[in-house]
Amino acid sequence: MPELLEVEQARVLIAERAVGREIAAVDAPDRWYLKRGLTPRGARTALPGHSITDARRRGKQLFLDTDRAGPVLGLHLGMSGRVVIDDEAAGDPLLYASNRDVRAWHRFTLRFADGGRLALRDPRRLGAVELDPDEDRLGVDALELTLPQLRAIVTRSRAPTKAVLMNQARIAGLGNLLVDEALWRAGIAPDRTASSLDAAEQVALHRSVRSTLRTLGRRGGSHTGDLIAARVPGGACPRDGTPLVRGTVAGRTSYWCPRHQV
DNA sequence: GATGACCTGTGA
DNA sequence: TCACAGGTCATC
């Protein structure tokens, strides 16, 4: 699923509905889903008895703080993950992923002392759960990205601009759809070498990242961009009607306008 | 850095 | 049956 906007929706849901509740038990039926040495037994040992005190996010990574010196619970939604609290999901509908609620897709569940629960539902199992994640492996959150930061990042990379924007160690939170939308808004082709952007293009890109996050956030998610409807083979640029180009950049399917994105 | 691997569901 | 999917990681 989920790029920054959907993860933020999940964070808000957790903040509103799970913070302050005490964890009574943990269901971790999928050992493969637990990362960095975490085991089902380890999760059952570390979490029950603690209450959730805060829900934080950096890029696409969620951090749930717990009280009384409990661990930080790291949740990642992968490609198809959703946070479900008391059977209510955040961030729907999800494109390219099933929105059905199948109990077998609940890869990790916190059962609260009050009888409710928080589950991570993930058909494709590409998400992850870990304890005390390293928060510094991620770069600046895309919502906080300043122009000087963006300038420094693009200047020293000869990778395609799209690859730089998607590199979570540099800028955290942007995924395939948001990046295509931001590049389209900025008039920059995804395969442009990042270091080749001039000062005006750097400004345009910074603005477009901000406007993309703000606008699509208001509309309800990464799938609400102007480019999304045209994101099909044979689609036309919503701005000038030019047939879009479809290609692979930075290993991901990309769409862009060959006329106004240069 | 580009590529393939990871895993599973959906729709043509 | 095949191609494809809003992510990340190891490997060449």
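It should be emphasised that the depicted structure is a prediction, and the values quoted were computed from it without experimental measurement. So that the names make sense, note that chain A is the first sequence line, chain B the second, and so on, each numbered from 1.
Comparing B/dG1, B/dC7, C/dT8 by their closest approach to the side chain of A/R125 singles out B/dC7. For A/P160, the side-chain atoms get nearest to B/dA2 when compared with the rest of C/dG7, B/dC7, B/dA2. In the set C/dA5, B/dT10, B/dC7, the nucleotide with an atom closest to the side chain of A/W105 is B/dT10. Minimum atom distance to the side chain of A/R158 is reached by B/dG1, of the listed C/dG7, B/dG1, B/dC7.
With contacts defined as side-chain heavy-atom distances shorter than 4.5 Å, the pair A/Q261/A/I188 does not qualify.
Between A/R252 atom CZ and C/dC9 atom C1' there is a gap of 13 Å when expressed in whole angstrom units. Counting to the nearest Å, the C1' atom of B/dC7 and the CZ atom of A/F108 are 19 Å from each other. Atom CD1 in A/I171 sits about 15 Å away from atom P in C/dG7, given to the nearest Å. Rounded to an integer number of Å, the gap from CZ of A/R137 to P of C/dA10 is 11 Å. Whole-Å rounding puts the A/Q168 CD to C/dG7 P distance at 8 Å. Counting to the nearest Å, the C1' atom of B/dC6 and the NE2 atom of A/H76 are 14 Å from each other. Rounded to whole Å, atom P of C/dG7 lies 9 Å from atom NZ of A/K162. Atom pair A/E130:CD and C/dC9:C1' shows a separation of 13 Å (rounding to whole Å applied).
Note on A/D87 versus A/R117: salt bridge recorded, some NZ/NE/NH1/NH2 to OD/OE distance being below 4.0 Å. For the pair A/E130 and A/K35, the salt-bridge criterion is not met [side-chain N within less than 4.0 Å of a carboxylate O]. Between A/D54 and A/R11, none of the side-chain N atoms (NZ, or NE/NH1/NH2) sits under 4.0 Å from a carboxylate O, so this pair counts as no salt bridge.
For the OP1/OP2 pair of C/dT8 and a distance below 4.0 Å, the side-chain nitrogens and oxygens of A/K35 include no atom meeting the criterion. Taking side-chain N and O atoms only, A/S80 has no distance below 4.0 Å to OP1 or OP2 of C/dA5.
In this entry B/dG9 has C/dC4 as its Watson-Crick or G-U wobble partner, both defining distances falling under 3.5 Å.
B/dC7 sits 15 Å from C/dT11 when the P atoms are compared, rounded to a whole Å.
You'll find a donor-acceptor pair under 3.5 Å spanning the side chain of A/R124 and the base of B/dC7, going by distance alone.
Contacts of A/T248 with the nucleic acid, taken as non-hydrogen atoms under 4.0 Å apart, are absent. In this structure, A/A163 reaches neither bases nor backbone, as no heavy-atom distance under 4.0 Å exists between it and the strands shown.
Donor-acceptor pairing under 3.5 Å is lacking for the side chains of A/R207 and A/S211.
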